[in-house]
Engineer: 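I'd like to ask you about the structure that follows.
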Amino acid sequence: MWKRMKEDIEVIFEQDPAARSAFEIILTYSGLHAIWNHRIAHALYKRGFKFLARAVSQMSRFFTGIEIHPAAKIGRRFFIDHGMGVVIGETCEIGDNVIVYQGVTLGGTGKEGGKRHPTIEDNVLIATGAKVLGSIVIGENSKVGAGSVVLKDVPANSTVVGIPGKVVIKDGVRLKQDLNHRDLPDPVEDQCQQMQQQIDELKLELAVLRKELKKHEHSNL
């Protein structure tokens with residue numbers, strides 16, 4: 001147990017340049033607190049103490065702002081940076097050396113039973129605000145861009161961005177131009193553009209109908 005705790009602190013030193021000392025990390029890093037609390041909750045859950053496990057996880061959520069279901073399976077050297085708003089679902093499986101940032105959701109898409117949350121393989125990075133939903137697999141060594149919504153499997157060694165998420169780099173080869181944060185698709189803007197197009201089409205049809213109506217009126221005079 002102490003070895004695992006030491007390993008958790010070491011990965012924070014490796015990934016966060018703001019970390020100054022082990023004492024500071026132990027006292028102030030909510031992501032670390034959430035992971036340690038989850039280990040307790042998960043152990044209770046596996047032993048059949050499901051209500052107590054949920055109580056531990058909800059208490060952890062109250063203090064850290066990070067919600068991890070006690071049944072979720074999490075590997076070694078898992079790092080939650082900042083962490084506020086992170087949600088990890090019941091059937092989620094996370095490998096080793098995975099990094100997630102604040103606002104990430106590893107959730108389901110509905111009320112289906114069975115395996116309904118993502119599987120995150122080793123060495124994956126999931127950036128701020130990304131949503132990975134459903135029983136899908138994010139392949140090892142992959143990256144999910146900030147604000148992306150991923151609904152399909154992502155191959156290993158890939159970078160996925162956008163709404164819905166699309167693979168833009170695979171095995172180091174750029175499939176299309178990589179997107180900056182400002183270039184990520186805006187579903188609200190897209191919907192407004194579609195509505196504007198429909199309005200323009202209706203205006204055109206109305207103008208044609210008015211012309212036909214005037215011709216009909218003149219022919220009856």
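Everything quoted here is computed from the prediction, not taken from an experiment.
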Engineer: Who passes side-chain hydrogen bond (donor to acceptor under 3.5 Å, both in side chains) against N37, sequence neighbours left out?
Structural biologist: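 Only S60 meet the side-chain hydrogen bond (donor to acceptor under 3.5 Å, both in side chains) criterion with N37.
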
Engineer: In Å and rounded to the nearest 0.5 Å, what is the OH to CH2 distance from Y29 to W36?
Structural biologist: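 One gets 12.5 Å once the value is rounded to the nearest 0.5 Å.
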
Engineer: Let me confirm one number: the NZ-NZ distance from K6 to K3, rounded to the nearest 0.5 Å.
Structural biologist: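 K6 atom NZ to K3 atom NZ measures 9.5 Å (nearest 0.5 Å).
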
Engineer: Could you tell me which non-hydrogen atom of V160 sits nearest to which non-hydrogen atom of S148, and how far apart they are?
Structural biologist: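 Distance-wise, the nearest heavy atoms are O-OG, 3.8 Å.
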
Engineer: Please indicate whether K131 has more than 12 foreign heavy atoms, meaning atoms of other residues, nucleotides or ligands, lying under 6.0 Å from its NZ.
Structural biologist: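 Yes, NZ of K131 has more than 12 neighbouring heavy atoms, counting only those of other groups under 6.0 Å.
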
Engineer: List for me each residue that meets salt bridge (charged side-chain N to carboxylate O under 4.0 Å, His left out) alongside E121, sequence neighbours excluded, and say none if there are none.
Structural biologist: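 Scan of E121 (salt bridge (charged side-chain N to carboxylate O under 4.0 Å, His left out), adjacent residues dropped) gives none.
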
Engineer: Which atom pair, heavy atoms only, marks the closest approach of I68 to A34?
Structural biologist: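 Looking at all heavy atoms of both residues, the shortest contact is CD1-O, 4.1 Å.
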
Engineer: Using a 4.5 Å cut-off on heavy atoms from C-beta on, say whether the side chain of F78 contacts that of I120.
Structural biologist: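 They are not in side-chain contact.
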
Engineer: Tell me, yes or no, whether the heavy-atom count around M84 atom CE, taken from other residues, nucleotides or ligands under 6.0 Å, exceeds 12.
Structural biologist: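 Incorrect, the count does not exceed 12.
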
Engineer: Can any side-chain N or O of T64 pair as donor or acceptor with the backbone N or O of I66 at less than 3.5 Å?
Structural biologist: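 Such a contact is found between T64 side chain and I66 backbone.
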
Engineer: Which residues pass the salt bridge (charged side-chain N to carboxylate O under 4.0 Å, His left out) test with D81, not counting sequence neighbours?
Structural biologist: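 With sequence neighbours excluded, D81 shows a salt bridge (charged side-chain N to carboxylate O under 4.0 Å, His left out) to no residue whatsoever.
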
Engineer: Should V132 and V137 be counted in the same cluster of Ile, Leu, Val, Met, Phe, Trp and Tyr side chains packed under 4.5 Å apart?
Structural biologist: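 V132 and V137: separate clusters.
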
Engineer: Could you state the interatomic distance from CD1 (I94) to CD1 (I99), rounded to the nearest 0.5 Å?
Structural biologist: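 Rounded to the nearest 0.5 Å, the CD1-CD1 separation comes to 12.5 Å.
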
Engineer: A side-chain contact here means heavy atoms from C-beta on lying under 4.5 Å apart; do H69 and H38 qualify?
Structural biologist: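 No, side chains not in contact.
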
Engineer: Quick check: closest heavy atoms across P155 and S142, and the distance to 0.1 Å?
Structural biologist: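 That closest heavy-atom pairing would be O-OG, 2.8 Å.
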
Engineer: Do D122 and N97 get their side chains close enough for a donor-acceptor pair, meaning under 3.5 Å?
Structural biologist: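 There is no such pair (donor and acceptor under 3.5 Å, judged by atom type) between the side chains of D122 and N97.
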
Engineer: Quick one: does S57's side chain have a donor or acceptor within less than 3.5 Å of a partner on A55's backbone?
Structural biologist: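 Here the side-chain-to-backbone pair does not exist.
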
Engineer: Tell me whether K73 at atom NZ has more than 12 heavy atoms from other residues, nucleotides or ligands lying less than 6.0 Å away.
Structural biologist: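 No, because the 6.0 Å sphere around NZ of K73 holds 12 heavy atoms or fewer from other groups.
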
Engineer: Please say whether more than 12 non-hydrogen atoms of neighbouring residues, nucleotides or ligands are located less than 6.0 Å from CZ in R39.
Structural biologist: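 Atom CZ in R39 is packed in, count exceeds 12.
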
Engineer: May I ask you to decide if H82's main-chain N or O and S30's side chain share a donor-acceptor pair within less than 3.5 Å?
Structural biologist: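 Judged by distance alone, yes, a pair lies under 3.5 Å.
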
Engineer: Check the pair I12 / L32 against side chain to side chain contact (heavy atoms under 4.5 Å, CB included), numbers first and verdict last.
Structural biologist: CA-CA 9 Å; I12 293 175; L32 181 65; 4.0 Å; yes

Engineer: What is the minimum heavy-atom distance between R77 and D8, and which atoms define it?
Structural biologist: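 Closest approach of R77 to D8: N-OD1, 4.5 Å.
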
